[in-house]
Amino acid sequence: MVPDVPHRRASHRRGTCPIVTAMPELPEVETVARDLRRRLLPEGGGPGPVITGARVAWTRTLRDEDPDAFAAGVAGRRIEAIGRRGKQVVIDLSGGAFLTVHLKMTGQLFVVPASLPIDPYERLAFSLDDGTELRFRDVRKFGRIGLYVADDDPFDGIGPEPLDDRFTLKAFRARIRGRRARLKPLLVDQGFVAGVGNIYADEALWRSKLHPLRSARSIRASDERALYRHIREILAEAIVRRGSSIDDYTAPDGDGAMQERLDVYQRTGEPCRRCGRPIRRIVIGIRATHFCSWCQRLPAAQRAASAPLLRTMTPRPGAAATGRTGRRWVDLDGDGALGRTTEEAARARARTARTKAAAAARRAAARAGSGA
């Protein structure tokens, strides 16, 4: 089922993002918006509580960095609707104003009793007239919240919503044809299509059997159809499963489960679910990219131009770890980063397990602190 999205144009601010951290994408942000609607708006429809004030603990959380003007601007406004555009939560307020919330890497939103002790990682909180607070928690402090009026257009340049009924195969073809960019950078470009990031770009390309370094202009009509279908399918499936709780992402009503269903993302060295060969990992820009080099073949004509990026790839079984740039391949997780000793592989598995356990503990602590 295609999720509902507001017909508002939105923007995306590019920022630096460590390749080890998964930033919430369309499914995660949609889940947060839906959870907030259930908690803040009446079940049968209608407006929600009135914002009575705002408490700003970290000024740079605000896009204009003026806490007094921000607090005055939201006070007395009623929450009327909650939606999403791209990777941002959009909260419509009375009087034609609206809020945008960009979670970035570690942003979390919780609705809690006003009497609950303040979390040390709280960056901003809205006091509501029903005795609750909407709190924004952000360990890394990269999240941003903006207040705008109806005539503002702070979202200029973002692409169409991939799950909108108006985003047809014909519309997708019109956008991709003539593009020279490689497929992975193109899919995560928010000006091309909204809300797709590192996780679901990798997944859609794997399902479509398209190499992430392949040029967009080289794909055939059948490839366009497959990529369009799989982008929409993976996003819709992830929404049903409440997104992927890989790092710090959690929603007001709990974690997601899509991380258990991912086919390539963060599965370096594990067997491909189609052919059994090890999933590989390269770095494109600052983004780790996961794929199967057997199922997702790169056309021969494009291999020479892609050689510098492919040097960072996890080697085939038995390949020597020489002549490589960046980290040694044995530092990559997964049994298929072959060439490891049994002891090295065991240490890698233990490290991966510790990392996942630590992320789960952080999410649980955040929910416990919010009273969830």
Side-chain angles (χ1 to χ4, degrees), residues 3 15 17-41 57-58 61 82-91 99-113 116-126 128 132-145 195-200 203 234-262 265-266 352-372:
C17 175
I19 59 176
V20 296
T21 301
M23 185 182 294
E25 302 177 26
L26 185 157
E28 290 76 40
V29 180
E30 178 68 25
T31 300
V32 170
R34 292 182 179 193
D35 285 1
L36 289 178
R37 283 204 293 271
R38 283 191 289 269
R39 292 188 173 234
L40 291 174
L41 300 179
W58 180 252
T61 294
I82 302 172
R84 174 199 55 77
R85 181 70 168 102
K87 297 181 182 180
Q88 298 190 64
V89 176
V90 179
I91 302 176
L99 293 162
T100 63
V101 183
H102 202 319
L103 303 174
K104 291 296 180 95
M105 298 180 193
T106 59
Q108 299 161 335
L109 287 165
F110 297 107
V111 180
V112 304
L116 196 73
I118 296 176
D119 188 293
Y121 296 112
E122 176 196 297
R123 308 304 175 195
L124 188 150
F126 298 95
L128 308 176
T132 65
E133 291 186 342
L134 173 59
R135 295 182 179 179
F136 181 65
R137 182 182 189 272
D138 187 12
V139 175
R140 299 285 297 275
K141 300 180 178 178
F142 292 146
R144 295 293 180 265
I145 296 178
V196 179
N198 220 27
I199 299 172
Y200 302 110
E203 295 296 310
I234 192 68
L235 294 175
E237 179 184 349
I239 289 172
V240 171
R241 300 184 186 281
R242 297 180 52 79
S244 301
S245 287
I246 292 173
D247 295 311
D248 288 78
Y249 160 70
T250 191
D253 290 344
D255 283 355
M258 189 62 190
Q259 67 275 10
E260 305 300 332
R261 307 281 295 191
L262 299 178
Y265 186 77
Q266 289 193 349
T352 299
R354 288 196 300 270
T355 299
K356 291 182 178 180
R362 289 196 304 271
R363 297 193 300 267
R367 290 194 300 275
S370 72

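Just so it is clear, the model here is predicted, and its values are computed rather than measured.
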Is it the case that the side chains of Thr250 and Arg367 hold a donor-acceptor pair, with the cut-off being a distance below 3.5 Å and no angle test?
yes

Classify the side-chain pair Tyr121/Thr106 by whether it contains a donor and acceptor separated by less than 3.5 Å.
no

By side chain to side chain contact (heavy atoms under 4.5 Å, CB included), Arg261 pairs with (sequence neighbours left out) Glu237, Arg241, Met258

When you compare the side chain of [Y] with that of [X], does any pair of heavy atoms fall below 4.5 Å?
X: Lys87; Y: Pro24; result: no
X: Ile239; Y: Arg34; result: yes
X: Ile91; Y: Leu134; result: yes
X: Leu99; Y: Val89; result: no

Which pair of heavy atoms, one from [X] and one from [Y], lies closest together, and at what distance?
X: Pro252; Y: Phe110; value: CA-CD2, 4.2 Å
X: Ser244; Y: Tyr200; value: OG-OH, 2.9 Å
X: Ala251; Y: Thr31; value: CB-CG2, 3.9 Å

Nearest-0.5 Å distance, [atom1] of residue [X] to [atom2] of residue [Y]:
X: Leu41; Y: Ile82; atom1: CG; atom2: CD1; result: 4.5 Å
X: Gln259; Y: Lys356; atom1: CD; atom2: NZ; result: 8.5 Å
X: Thr132; Y: Arg39; atom1: OG1; atom2: CZ; result: 10.0 Å
X: Phe142; Y: Met105; atom1: CZ; atom2: CE; result: 5.0 Å
X: Asp253; Y: Arg242; atom1: CG; atom2: CZ; result: 5.5 Å
X: Leu109; Y: Leu36; atom1: CG; atom2: CG; result: 5.5 Å

Checking Arg85 against Val90 for the side chain to side chain contact (heavy atoms under 4.5 Å, CB included) test, could you report, in this order, the C-alpha distance in whole Å, the side-chain angles of both residues, the deciding distance, and whether it holds?
CA-CA 7 Å; Arg85 181 70 168 102; Val90 179; 4.1 Å; yes

Could you walk me through whether Trp58 and Asp138 satisfy the side chain to side chain contact (heavy atoms under 4.5 Å, CB included) test, starting with their C-alpha distance in whole Å, then the side-chain angles of each, then the deciding distance to 0.1 Å, before giving a yes or no?
CA-CA 10 Å; Trp58 180 252; Asp138 187 12; over 6 Å; no

Under 3.5 Å, side chain of [X] to main-chain N/O of [Y], donor-acceptor pair present?
X: Arg362; Y: Ala364; result: no
X: Glu203; Y: Tyr265; result: yes
X: Gln108; Y: Asp248; result: yes
X: Arg363; Y: Asp247; result: yes
X: Asp255; Y: Ser245; result: no
X: Glu25; Y: Asn198; result: yes

What's the verdict on salt bridge (Lys or Arg N to Asp or Glu O under 4.0 Å) for Arg137 and Glu122, showing C-alpha distance, side-chain angles and the deciding distance?
CA-CA 4 Å; Arg137 182 182 189 272; Glu122 176 196 297; over 6 Å; no

Derivation and outcome, side chain to side chain contact (heavy atoms under 4.5 Å, CB included), residues Arg84 and Leu26
CA-CA 8 Å; Arg84 174 199 55 77; Leu26 185 157; 3.5 Å; yes

Under the criterion side-chain contact (heavy atoms from CB on, under 4.5 Å), which of Ile118, Asp119, Val112 is the partner of Leu116?
Val112

From CA spacing to verdict: side chain to side chain contact (heavy atoms under 4.5 Å, CB included), Gln88, Val101
CA-CA 5 Å; Gln88 298 190 64; Val101 183; over 6 Å; no

